[in-house]
Each structure stands twice: as C-alpha cells, then as structure tokens.
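Note that these values count all heavy atoms, side chains included, but never hydrogens, waters or copies made by symmetry. Whatever order the structure lists ligands and atoms in, that order sets their numbers, starting from 1.
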Amino acid sequence: MIVRKNMGRGKTLLMLLMVLGFLFATYNFVSLIIEHKAGGLLEPFDKKVMESTSSNLKYHVALTATDAAYSQWQCRIMYYWYKKVKDMPGSDMGKFTRILHSGKADQLMDEIPTFVVDPLPEGLDRGYIVLNRPWAFVQWLEKADIEEEYILMAEPDHIFVNPLPNLAHGSQPAGYPFFYIKPVENEKLIRKFYPEDKGPVTDVDPIGNSPVIIQKVKSRLVISLMEEIAPTWVNISLRMKDDQETDKAFGWVLEMYAYAVASALHGVKHILRKDFMLQPPWDLHVGKKFIIHYTYGCDYNLKGQLTYGKIGEWRFDKRSYLLGPPPKNLSLPPPGVPKSVVRLVKMVNEATANIPEWDSLNRKS
Ligand SMILES: *[C@@H]1O[C@H](CO)[C@@H](O)[C@H](O)[C@H]1NC(C)=O
Ligand SMILES: *[C@@H]1O[C@H](CO)[C@@H](O)[C@H](O)[C@H]1NC(C)=O
C-alpha cells in the first residue's frame, strides 16, 4: 500500500511499459515455439505447402476389403472403434469408406459406408488377392467424391486405440516403419524397379501402403501424391509379381514393397512414425500409440509366457476365424501377458458385444 501511495505518475507509466515489454517478449517467444512445433524451421518450400493445406487437416479413413467372412468381421470391429474415437479431442478423422474390391455389394452395406470397386481382371491377381488393393485405390480415387484433403490407408486388422491426428506434414505423408521391410538389404531386387539414375536405394522407405496418411491431390506446390502414386503402385505390384525372383523373395509383403518403390519413384519420402501402430505380441504397451495391428498370433502358456510359433494354451489369432467371426466374450489372457494383448482382446470383446447381429450378419462360408 505504502509503495503504491508513494509512486508518482511517471513510475506507474514506467511499470506499465515494463509489463507491456514483458508481455510482448513472451508473445514472441511463445509464437516462436508454436512455429517451431508446426515445422516453422523447415525449408520455405515446405512451409508454403503447409500454409496452403492447413485449412483442411482432416483425413478420410479408407479401408480396402473383400466380402469374405474373414475380412467382414475385422471391418466391423474396425468401424466400431473408428466411430468411438472419431470425435475425441486430438482426432483429425473425417469420413470413413470401406473400399470393397469384390465387385459387388455385400450384406454390410447398411452398417459400414462402402464403395464397391472391381477386382483386377480375371487371372491378373495370380491368386494373390492383395494385388487388388492398389487397383481398388486407383478406382476409388478416380470415381469417389472425397471431401477431405488427406487419406489414411487402413486395413481390416487395425483397431484405433487412441485418437489419431493427421501425422502427415503438408505434402509429406506419414508411414509406419516395418521391421521386415528392408529395401537396403534387398538392393539387388529393388534396383530392378528403382534404377540407379533415380537415386540411392535409401530413397525407398521401409514401409507399406498402410498405415499411411497422405494428401489426396496434387496441389499447386506439391510434387506428386496419392493420385499419382496409385497407378504406379499397380504397375510395380504386377511387375514384381511377374518377376520370379522378386515374387519369391518378397512373398506376402510384395505389395508393400511395391508401394514403397512407387512412392519413391514419385520423389515422395514419408515421415516415419513408430508410434503410428503397435503390433502385439511384440509391442508390449499401448502407451500413446494410435493403432493396434493384430496381424500376429498371440500364443501364451498359462504362466503368461509367449510361445510364439507354437499354439498356446491361451491364444488369440485372427487366423483362427477364417470362416466366420470370433465368438463374443473371448476369454482374457492369463496373468503376466503384456498389457497390449489384454487391451486388444478387451477391445475385440467390447466391439462384438455391441455390434448388432454380431453372429448372424457376417457372411457364412
Ligand atoms: C508398367 O509401366 C511400364 C512403363 O510405363 C509399361 O511398359 C508396362 O507395360 C507396365 N506394366 C504393367 C503390368 O502394367
Ligand atoms: C464372459 O465370460 C466370462 C468367463 O470367461 C464370464 O464370467 C462372463 O459372465 C461372460 N460375460 C458375458 C457378458 O457373457
């Protein structure tokens, strides 16, 4: 009180100026941090692209699928969790489409937004059904009306476990680095499709097409994106399949390599996000990761020890349900099994308990 009484007008003014100065400095500092976080320290080119695209960060969830019972039950669980996380804070999810590449409608049309596309012409898939994925994307991109500026390429065995933001950065897509996709170790094969004059083999990212968040259209400043990559991806997939040596070496991940090579041919590098997915049983914790990918069987003995490759006393493996959906209320794993596996089974159970007509609507084979 005394201090204030003794303060003249000059002093008050001085203090006001000091406070303003402090606020101004703070403002500058904070905006510097925000700019840094938003990638403000990138090349001016990238920044321009960012400004031109920041208006619509939402991405469309695009799920390629077939009408087989095995694909259907996974899609139903996936869509259930999409609906649950879509509007949670931190999510940039837009609409959802199941791109059904069996060429005809199935009985899930009313449950899941679906776009029917044609399979590859008879015989062209060489019995390798996933070769239909790139072709499905080409058709969907060409024919569908997609309002979002970005696309998440997803697969039926993905479960959204945390709200997923748009991990792409302007024109730079984001992908997940798979430990088994190794372009550098397969240089000889990769070079058949990515010749030396294109650049070093390290240009080819250790990824597949899914999960990837990528800008849909080629914009003014963007070099090339999904609409350009997709046809190349079809082409490279078929050429790899036709090359015996490559087909034999890449096996079931051939179409993943094909996407990695196709995007590199268009000069596209992906931001590699390890937190994009977790893959039980190898990844033990969910933490802040976004998608559970349940492609591996989870086999444990009753002591909670992993018996990978050997059928466990307790198990969850999607391949146990090739002909129809898993039953509701699967038993939870024994004590000692990693949290990621427990979470997966609980999420499957929650979905199957709540999806109407769980047992009856799936196609019976
Ligand atoms: C892939 O593209 C190359 C060059 O454009 C072309 O010669 C070839 O026939 C295409 N292959 C397939 C299987 O479409
Ligand atoms: C699920 O199964 C457990 C036994 O594994 C049982 O105790 C529980 O009541 C079941 N829940 C439902 C909803 O059926």
Student check: side-chain heavy atoms of P113 and R98 closer than 4.5 Å: no
Y259 and H270 aromatic centres sub-6.0 Å: yes
Any protein heavy atom nearer than 4.0 Å to atom 5 (O) of ligand 2: no
Check: Y308 ring centroid to W282 ring centroid under 6.0 Å: yes
Atom 9 (O) of ligand 2 touched by protein heavy atom at under 4.0 Å: no
Closest protein heavy atom (residue, atom, distance) for atom 1 (C) of ligand 2: N329 ND2, 1.5 Å
Donor-acceptor pair, side chain of R133 and main chain of E255, under 3.5 angstrom: no
